Amino acid sequence: MGGKHDTMSTGEATLTRAGDVTFMGHPKGLFYLAFTEGWERFSFYGMTALVVLYMVNQLLLPGHVEHIGGFSGFRAAVESIVGPLSTQALASQIFGLYSGFVYFTPLLGGMIADRWIGQRNGVVIGALSMSAGHIAMTFDQSFLVALLLLVIGSGFLKGNISAQVGALYPPEDEARRTRGFVIFSTGINIGAVVGPLLCGLLAQVYGWHYGFGIAAIFMLLGLATYLYGYRYLPARVERKKFEGTRLTAAERRIVYALIAVMIMTIFQSTSYLQIFNVNPIWIQQHVALDVGGFRIPVPWYQSIHSVFTILGVPLLFWIWRRQALRRREPDDLAKIGTGAWIAVASNLILVAAIVASGDTPVHPIWPIFYGGGLGVAFMYYWPTLLALVSRAAPAKVNATLMGLAFMSLFVSNNLIGWIGGFYEKMTPAKFWAMHAAIAAAGGLLVMLFGRRLGRALHPAPLVD
């Protein structure tokens, strides 16, 4: 088996480096990977936009909840830890666990592919598992099985597909690899915008299961795309191995500083990620969705932050370039802090809209500003964190720390599930003000410790 992988890897290395390029001068495999990931993100974000509303409005209500296989035991286990839960609080807790483990399992999927099955087989297993999960979502009985299949599938797929993008290029071709990742990320963003729009519309017009069904179809299209381009993709990506894992004192300081920065970002991530969990419930209850005879599907609001993320990239690059020309571009920690304060402002927009509306429904424009602001906040802090880890982490532990950065999202998602349980116990204005305060805590931590951490991450020529 190993010999087969080795032969295929050598063949593919020759193929990609011999200049088998197409559109925009990139290896043919890149476009199969980008389209596969675009279809996968379409299905993932489409399903994510529906699942909390589906649980609250149908699945967890009498007449449906009794049919879910294994649910009474699952509920008892959750409530033994967090106490008795209402329908909405239980839906929030389930979403937090699901979305948290989606960011945990790629660590395991990557390890299994590295050691035993190779990245290409890992992605196929992941896509098959996610397809089965989306199909299982269309039946009440298999809801918990569906979430488990989606979590496992995401682990195999997300844990391995990005590594394949990098492996398409020779190690010395850094510039072309970076542009390749930009193309790959475009597929992600397009899927994140279109998925909630189409799945949300179908769910509103025809019913929940049509929304989940179209997510399954697009996941299967992703698998078909990947299999069609299979021969252009590296079977096994060799990860760098480093002799000796002892870090110097200076390297340990950098590692501790990076972990401290990751912990700070948990605050703005928690504030940001509530857009997927409680925000759809609040929109459904408190926003005037009927406009000119058309009812805006609640999941459509899930596309807003992705639209602003896409539109914000060229604008942010232009701003940072202008600042750099005047030697005033903020450093990485200042950008992460700015992201926190933009998240504060975004949540305060909702607070102001709620207070101004009084007892009347909130105008549908305000959640758009909220989602747009969070999209810009995300662009300020999350890619900056990944770039900081990639650049500053010692080579021996670079991949480990990159995995740890994603583990911060595992923590944040579990936190939003728990915090969402307080939604019914607070007024909406207080609930979103609390999220502004959570993001502000992240901003204050950067203000207090940013300079010291910056010195650790950009050490002067040493003296160790």
Side-chain angles (χ1 to χ4, degrees), residues 36-37 39-52 54-55 59-60 68-71 73-75 77-78 81-82 90-114 116-117 119 121-163 188 191-192 195-196 199 211-212 215-216 218-220 222-223 226 269 273 276-277 302 403-418 420:
T36 299
E37 183 69 338
W39 294 128
E40 185 271 330
R41 290 289 90 182
F42 178 107
S43 68
F44 174 82
Y45 281 107
M47 173 269 182
T48 300
L50 299 182
V51 69
V52 175
Y54 170 57
M55 285 191 282
L59 185 69
L60 299 185
I68 305 171
F71 194 75
F74 171 80
R75 181 172 194 162
V78 171
I81 298 167
V82 298
L90 180 60
S92 177
Q93 199 73 55
I94 292 169
F95 181 82
L97 286 167
Y98 159 71
S99 56
F101 276 97
V102 159
Y103 287 102
F104 179 80
T105 51
L107 286 175
L108 304 178
M111 283 167 49
I112 291 168
D114 283 350
W116 294 297
I117 62 174
Q119 281 72 23
N121 290 337
V123 172
V124 172
I125 290 168
L128 283 169
S129 180
M130 290 187 78
S131 300
H134 285 301
I135 292 166
M137 283 294 291
T138 60
F139 305 98
D140 290 358
Q141 294 85 340
S142 50
F143 177 70
L144 292 179
V145 174
L147 294 183
L148 181 62
L149 286 168
L150 288 166
V151 164
I152 292 169
S154 181
F156 277 108
L157 194 144
K158 294 293 288 177
N160 294 299
I161 197 166
S162 297
I188 294 175
C199 292
F212 292 126
F218 279 100
M219 191 62 244
L220 288 167
L223 175 60
Y226 190 81
S269 288
L273 289 165
F276 297 104
N277 182 27
Q302 300 282 303
L404 210 54
F406 280 95
M407 284 296 289
S408 72
L409 294 180
F410 167 74
V411 174
S412 297
N413 273 289
N414 277 283
L415 282 172
I416 65 162
W418 174 67

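Please read these numbers as outputs of a predicted model, since none were measured by experiment. By convention here, the first residue in the shown sequence is residue 1.
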Looking at every non-hydrogen atom in both residues, tell me the closest pair between [X] and [Y] and how far apart they are.
X: Ala215; Y: His134; answer: CB-ND1, 3.8 Å
X: Ser412; Y: Leu273; answer: CB-CD1, 3.7 Å
X: Ala136; Y: Ala146; answer: CB-CB, 3.6 Å
X: Leu50; Y: Cys199; answer: CD2-O, 3.9 Å
X: Ala49; Y: Pro196; answer: CB-CB, 3.8 Å
X: Thr48; Y: Phe276; answer: CG2-CD2, 4.2 Å

Roughly how far, to the nearest 0.5 Å, is the [atom2] atom of [Y] from the [atom1] atom of [X]?
X: Ser154; Y: Glu40; atom1: OG; atom2: CD; value: 6.0 Å
X: Ile161; Y: Ile188; atom1: CD1; atom2: CD1; value: 8.5 Å
X: Trp418; Y: Asn413; atom1: CH2; atom2: CG; value: 15.5 Å
X: Ile416; Y: Ser99; atom1: CD1; atom2: OG; value: 4.5 Å

Worked verdict on Leu150 versus Met137 for side chain to side chain contact (heavy atoms under 4.5 Å, CB included): CA-CA 10 Å; Leu150 288 166; Met137 283 294 291; 4.3 Å; yes

With a 3.5 Å distance limit and no angle check, can you tell me whether [X] reaches the backbone of [Y] through a side-chain donor-acceptor pair?
X: Ser269; Y: Leu409; answer: no
X: Asn160; Y: Gly122; answer: no
X: Ser129; Y: Gly126; answer: no
X: Ser408; Y: Ala405; answer: yes
X: Ser131; Y: Ala127; answer: yes

Full working for ring-ring contact (aromatic ring centres under 6.0 Å, His included) between Phe143 and Phe71: CA-CA 9 Å; Phe143 177 70; Phe71 194 75; 7.4 Å; no

Within 6.0 angstrom of Phe74 CZ, more than 12 heavy atoms from elsewhere: yes

Chi angles and distances behind the side chain to side chain contact (heavy atoms under 4.5 Å, CB included) call for Leu223, Leu128: CA-CA 7 Å; Leu223 175 60; Leu128 283 169; 3.4 Å; yes

Selection residues 143-158 - residue pairs positive for salt bridge (charged side-chain N to carboxylate O under 4.0 Å, His left out), sequence neighbours left out: Glu37-Lys158

Do the side chains of [Y] and [X] get nearer than 4.5 Å, heavy atoms only?
X: Leu60; Y: Ile68; answer: yes
X: Tyr226; Y: Leu157; answer: no
X: Leu144; Y: Leu148; answer: no

Non-neighbouring partners of Ile112 that pass side chain to side chain contact (heavy atoms under 4.5 Å, CB included), sequence neighbours left out: Trp116, Ile117, Phe156

Test side chain to side chain contact (heavy atoms under 4.5 Å, CB included) applied to Met130 and Ile152, step by step: CA-CA 8 Å; Met130 290 187 78; Ile152 292 169; over 6 Å; no

Phe101 and Phe104 aromatic ring geometry - parallel, tilted or perpendicular at 30°/60° bounds: perpendicular

Whether Tyr103 and Phe406 hold their rings parallel, tilted or perpendicular, with breakpoints at 30° and 60°: parallel

Residues Leu147, Met47; criterion side chain to side chain contact (heavy atoms under 4.5 Å, CB included); working and verdict: CA-CA 11 Å; Leu147 294 183; Met47 173 269 182; 3.8 Å; yes

